[in-house]
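These notes concern the structure reproduced below.
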Amino acid sequence: MPVDRHPMWESLGMDLETHDVLCSVLPTAFSDTFLSQENRPEGMAFWDMVVADVHGIRPQELIDEQAKGRKVFGTFCTYVPDEVVIACDGIVTGLCGGSQFWVPDGEKYLPADMCPLIKASLGARFGKTCPFFRIVDQIVGETTCDGKKKMYEILATDVDMHIMQLPQMKRPKDYVAFADEIADFAKNVEEVTGVELTPERLAEAIKVINNRRKALARVYETRKNPDIIPISGTDALLMMQIAFFDDPVRCAQMANNLADELEQRLVDGVSVFPKGTKRILLTGTPLAIPNWKLHHIIETSGAAIVCEENCTGTKFFTNLVDETKETLPEMFQALSDRYMQINCACFTPNKARIDEVLALAKEYHVDGVINTNLKFCTTFKTEAPALEKVLEEAGIPVLDIETDYTDNDAEQLRTRIEAFVEMLG
């Protein structure tokens, strides 16, 4: 029998009536997108369970840990080093909003012509309709995007904020500067948690997050097989979205269990798509939960997504932190060296991202690339022509898509995607 979460939500000061509306539509959206798929891996049962009570299971865990004195940090970006928080016995939860449901509340404070992810994220907090946004003791922002920076100023009127300064270039001195920023962040985390950061604690936390990266990478490794697709891109996306707020040790365990099953599927020749299905690499802006729109349209239009080059894809787990360092300054630099390798469009120049997409396209044996952009995301949109030029020169077909969280353009997108897939054939 389902647990009644209303007392918990009420204790968080949430708008229960409005939140109930969201809870009433999510099951249908999930069923239509995920449960309609055939031959899903049994290992997806864990993530199905999490989504079935997405505003209950993990939030209750966080509240229980807060009762023991632990602090919860909310983050929006892959550049915030989880390792530092975990080393001080804190907990990290991702916060990005991926639903049109939260956008209207965000537009009460932000311009309409701003990225829907930013508007949804602010709306989730100020509309009091997401428990994760209500639970956090502190939100950690980062200077990756002008829109987010201004959104953080508004958030700071309602919740404790810490902002990390991310360099906008990747010169050697920028790697050093970000190591200093991580050191400042560590001092902040110590103050919030009341736990001293030691080299031993940080070394162990680095191993924990590296293990999560290795587990997620194992799942993606099985998607490189040119003949067998053992898991849909839609299911892989769900795993990645939940990885942002799940316990990292449990996340690694579940991802490893799934990888075991997928590796056996490769041996047994079990594919979730018919042989010859066109293979797509999806690149561009992140797809925060519950944004499943593009994956669902693409994978019900005759194609299969075999890789995502974005923050809810390879950017989250590619490259490990060096585990051989022994002092805190050395570890801060090792963290900087790893996180600064993420090729976000906020950097200039950013040729490394173009090179990475090209390499992934070959590594995953893709037939085409779909470059996606959330409306009003200037940086990714500006990079699109340069990326497409390189892909086309390499003989890799590419389709550029700009969209938002609404379903208004769903049929138009389906028509364009079906035509693109047909062209690949």
Side-chain angles (χ1 to χ4, degrees), residues 62 65-66 68-95 135-144 148-149 152 155-156 159-213 243-249 251-252 311 315-317 319-342 344 346:
L62 297 179
E65 292 304 309
Q66 282 179 320
K68 300 174 185 176
R70 299 180 70 187
K71 301 298 182 181
V72 178
F73 295 76
T75 65
F76 291 96
C77 185
T78 54
Y79 284 105
V80 178
D82 291 356
E83 294 90 341
V84 173
V85 174
I86 292 169
C88 290
D89 200 32
I91 305 173
V92 182
T93 183
L95 290 180
I135 289 170
V136 291
D137 295 289
Q138 184 182 76
I139 291 179
V140 185
E142 78 309 315
T143 56
T144 53
K148 286 169 73 176
K149 285 187 285 187
Y152 294 149
L155 272 177
V159 64
D160 184 33
M161 292 286 305
H162 177 87
I163 309 295
M164 296 188 70
Q165 170 65 27
L166 181 72
Q168 303 296 284
M169 300 178 73
K170 292 190 176 184
R171 302 161 297 182
K173 65 180 182 180
D174 296 312
Y175 279 68
V176 173
F178 195 52
D180 290 340
E181 192 67 24
I182 293 173
D184 289 342
F185 176 53
K187 293 177 183 177
N188 163 76
V189 173
E190 284 182 315
E191 291 175 1
V192 174
T193 62
V195 176
E196 180 186 1
L197 180 66
T198 65
E200 293 77 17
R201 284 179 171 273
L202 186 53
E204 182 57 34
I206 287 172
K207 291 178 181 177
V208 167
I209 300 303
N210 272 348
N211 286 339
R212 182 178 67 185
R213 293 187 182 110
F244 274 81
F245 61 81
D246 193 20
D247 174 79
V249 175
C251 176
C311 296
K315 282 183 170 66
F316 188 66
F317 61 78
N319 300 314
L320 302 178
V321 177
D322 186 347
E323 297 180 7
T324 66
K325 305 305 180 183
E326 297 181 350
T327 68
L328 287 178
E330 290 174 334
M331 291 177 186
F332 294 150
Q333 189 61 61
L335 287 166
S336 174
D337 291 345
R338 186 270 163 187
Y339 281 92
M340 285 287 287
Q341 290 184 70
I342 300 172
C344 178
C346 66

S336 and E181, any side-chain heavy atoms less than 4.5 Å apart: no
Beyond-backbone contact of E326 with P199, side-chain heavy atoms, under 4.5 angstrom: no
E330 (side chain) donor-acceptor with T327 (main chain) under 3.5 angstrom: yes
side-chain contact (heavy atoms from CB on, under 4.5 Å), paired with F185, selected from V84, D180, I163: V84
Distance (rounded to the nearest 0.5 Å) between N211 CG and C251 SG: 11.0 Å
Which atom of R338 lies closest to which atom of N319, heavy atoms considered: NE-O, 3.0 Å
Any side-chain heavy-atom pair of I139 and V136 under 4.5 Å: yes
All salt bridge (Lys or Arg N to Asp or Glu O under 4.0 Å) counterparts of K149, not counting sequence neighbours: D146
Whether F76 and Y152 hold their rings parallel, tilted or perpendicular, with breakpoints at 30° and 60°: tilted
4.5 Å side-chain heavy-atom contact, T144 and Y79: yes
Check: V189 and Q138 side chains under 4.5 Å, non-hydrogen atoms: no
Test log, rule side-chain contact (heavy atoms from CB on, under 4.5 Å), inputs T93 and V72: CA-CA 7 Å; T93 183; V72 178; 3.9 Å; yes
Check: V208 and R212 side chains under 4.5 Å, non-hydrogen atoms: no
From I206 atom CD1 to D82 atom CG, the distance as rounded to the nearest 0.5 Å: 12.0 Å
Closest non-hydrogen atom pair, E190 against L197: OE2-N, 2.7 Å
Pair E196 + R201, salt bridge at N-O below 4.0 Å: no
Closest approach of Q168 to T143 (non-hydrogen atoms, all atoms of both residues): NE2-O, 3.3 Å
F244 ring center within less than 6.0 Å of F316 ring center: yes
T78 side chain near V80 side chain, heavy-atom distance below 4.5 Å: no
Distance-only donor-acceptor check, side chains Q333 and D337, under 3.5 Å: yes
Heavy-atom pair of closest approach, residues C77 and K148: CB-NZ, 4.0 Å
SG-CD distance between C88 and E191, expressed to the nearest 0.5 angstrom: 10.5 Å
Spacing of K187 atom NZ and I182 atom CD1 [to the nearest 0.5 Å]: 13.5 Å
side-chain contact (heavy atoms from CB on, under 4.5 Å) between I91 and L62, worked out: CA-CA 8 Å; I91 305 173; L62 297 179; 3.6 Å; yes
Test item: L166 and C346 side chains (from C-beta on) under 4.5 Å apart, heavy atoms: yes
Separation of E323 CD from I209 CD1 (nearest 0.5 Å): 11.5 Å
Sequence neighbours excluded - salt bridge (charged side-chain N to carboxylate O under 4.0 Å, His left out) pairs with any residue from residues 165-178: R171-D174
With sequence neighbours excluded, residues passing side-chain hydrogen bond (donor to acceptor under 3.5 Å, both in side chains) with Q66: D137
Those residues that, when tested against R213, pass salt bridge (Lys or Arg N to Asp or Glu O under 4.0 Å) (two or more places apart): E83
Nearest non-hydrogen partners of P167 and F178, listed with the distance: CD-CD1, 3.8 Å
The single option from V85, V192, V195, D89 passing side-chain contact (heavy atoms from CB on, under 4.5 Å) against K71: V192
From CG (N188) to OG1 (T193), nearest 0.5 Å: 9.0 Å
Contacts of E65 that satisfy salt bridge (Lys or Arg N to Asp or Glu O under 4.0 Å) - sequence neighbours left out: K68, R70
Salt bridge (Lys or Arg N to Asp or Glu O under 4.0 Å) partners for K325, two or more places apart: D322
Distance-minimising heavy-atom pair for L202 and L328: CD2-CD2, 3.8 Å
